[in-house]
Participant: 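Mind looking over this structure? Questions follow.
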Amino acid sequence: LQLVESGGGLVQPGESLRLSCAASGWISGYYAIGWFHQAPGKEREGISCISSSDGSSSYADSVKARFTISRDHAKNTVYLQMDSLKPQDTGVYYCALRPFGKCALSQFAFGSWGQGTQVAVSS
């Protein structure tokens, strides 16, 4: 299984980006896909997660009401719509897979990781 993130870039504060996490390979059973943010010089933190079984999702307080996670089963892809971006959203964004697990925002709950995509929010 391989996860590949895309969609990062440079935007101004208040603008939007949509990140994609494409999974190649076969995923059996139920699982969760999480999005994580690593700001420069800081630890990686979980910001959103979606469950494959029922589509339930969770968000960190820092992104609640600004970011939306969604999934497309047919494309094996999970999206993170990021609106009202702030300079503190700058960093590398990773997606990760938690097989046979429910949503969680702890990076230690996840196994397979993508290589990350860079987001910069600056005027």
Participant: Is Asp89 salt-bridged to Lys86, going by a charged N under 4.0 Å from an acidic O?
Facilitator: no
Participant: Working to the nearest 0.5 Å, report the span between CZ of Phe36 and CG of Leu80.
Facilitator: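 Rounded to the nearest 0.5 Å, the CZ-CG separation comes out at 11.5 Å.
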Participant: Using side-chain contact (heavy atoms from CB on, under 4.5 Å), reason through Arg71 and Thr77 one step at a time and then give a plain yes or no.
Facilitator: CA-CA 6 Å; Arg71 59 181 179 165; Thr77 300; over 6 Å; no
Participant: Could you tell me whether the side chain of Thr90 and the main chain of Val121 form a donor-acceptor pair under 3.5 Å?
Facilitator: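 Looks like yes, one N/O pair under 3.5 Å.
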Participant: To the nearest 0.5 Å, how far apart are CD1 in Ile47 and OG in Ser58?
Facilitator: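 The distance works out to 10.5 Å.
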Participant: Rounded at 0.5 Å granularity, tell me how far CZ in Phe67 sits from OH in Tyr93.
Facilitator: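 These two atoms lie 4.5 Å from each other.
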Participant: Please tell me if the side chains of Val4 and Ser24 come closer than 4.5 Å, counting only heavy atoms from C-beta onward.
Facilitator: no
Participant: I'd like to check Gln38 versus Tyr94 (side-chain heavy atoms, cut-off strictly below 4.5 Å). Are they in contact?
Facilitator: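 Yes, their side chains come closer than 4.5 Å.
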Participant: Output a table of donor-acceptor pairs, distance under 3.5 Å, between side-chain atoms of residues 14-23 and any protein atom two or more places apart or on a different chain; print 'none' if there are none.
Facilitator:
| residue | atom | partner | partner atom | Å |
| --- | --- | --- | --- | --- |
| Glu15 | OE1 | Gln12 | N | 3.0 |
| Ser16 | OG | Asp83 | OD1 | 2.7 |

Participant: Keeping the roles fixed (side chain from Glu5, backbone from Cys95), state whether a donor-acceptor pair exists under 3.5 Å.
Facilitator: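 Yes; judged by distance alone, with no hydrogens or angles, the pair exists.
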Participant: Would a 4.5 Å heavy-atom cut-off, applied to side chains only, mark Ile69 and Tyr79 as touching?
Facilitator: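 No, their side chains stay 4.5 Å or more apart.
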Participant: If I take atom CZ from residue Arg44 and atom CZ from residue Phe108, how far apart are they, to the nearest 0.5 angstrom?
Facilitator: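 Answer for the CZ-CZ pair, Arg44 versus Phe108, is 9.0 Å.
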Participant: So Tyr31 and Ser112, do their side chains get closer than 4.5 Å, heavy atoms only?
Facilitator: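 Ser112 vs Tyr31: side chains apart.
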Participant: Can you tell if the side chain of Glu45 reaches within under 4.5 Å of the side chain of Gln107, non-hydrogen atoms only?
Facilitator: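 They are not in contact (no side-chain heavy atoms under 4.5 Å apart), so the answer is no.
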Participant: Has Thr117 got a side-chain atom pairing as donor or acceptor with Ser6's backbone, closer than 3.5 angstrom?
Facilitator: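 Such a contact is absent between Thr117 side chain and Ser6 backbone.
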Participant: Identify the two heavy atoms, one from Val119 and one from Met82, that lie closest to each other, and give their separation to 0.1 Å.
Facilitator: CG2-CE, 4.0 Å
Participant: According to the interplanar angle, ranging from 0 to 90°, do the rings of Phe100 and Tyr30 count as parallel (below 30°), tilted (30 to 60°) or perpendicular (above 60°)?
Facilitator: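 Aromatic pair Phe100/Tyr30 classed perpendicular.
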Participant: I need the minimum non-hydrogen distance between Arg98 and Ala104, along with the two atoms involved.
Facilitator: NH1-CB, 3.7 Å
Participant: Short question: side chain of His37, backbone of Val92 - any donor-acceptor pair under 3.5 Å?
Facilitator: no
Participant: What is the minimum heavy-atom distance between Gly34 and Phe110, and which atoms define it?
Facilitator: N-CE2, 3.5 Å
Participant: Could you check whether any side-chain heavy atom of Ser51 comes within less than 4.5 Å of a side-chain heavy atom of Lys102, counting everything from C-beta outward?
Facilitator: no
Participant: Would you give the length of the straight line joining atom CG of Leu3 to atom CD1 of Ile33, rounded to the nearest 0.5 angstrom?
Facilitator: 5.5 Å
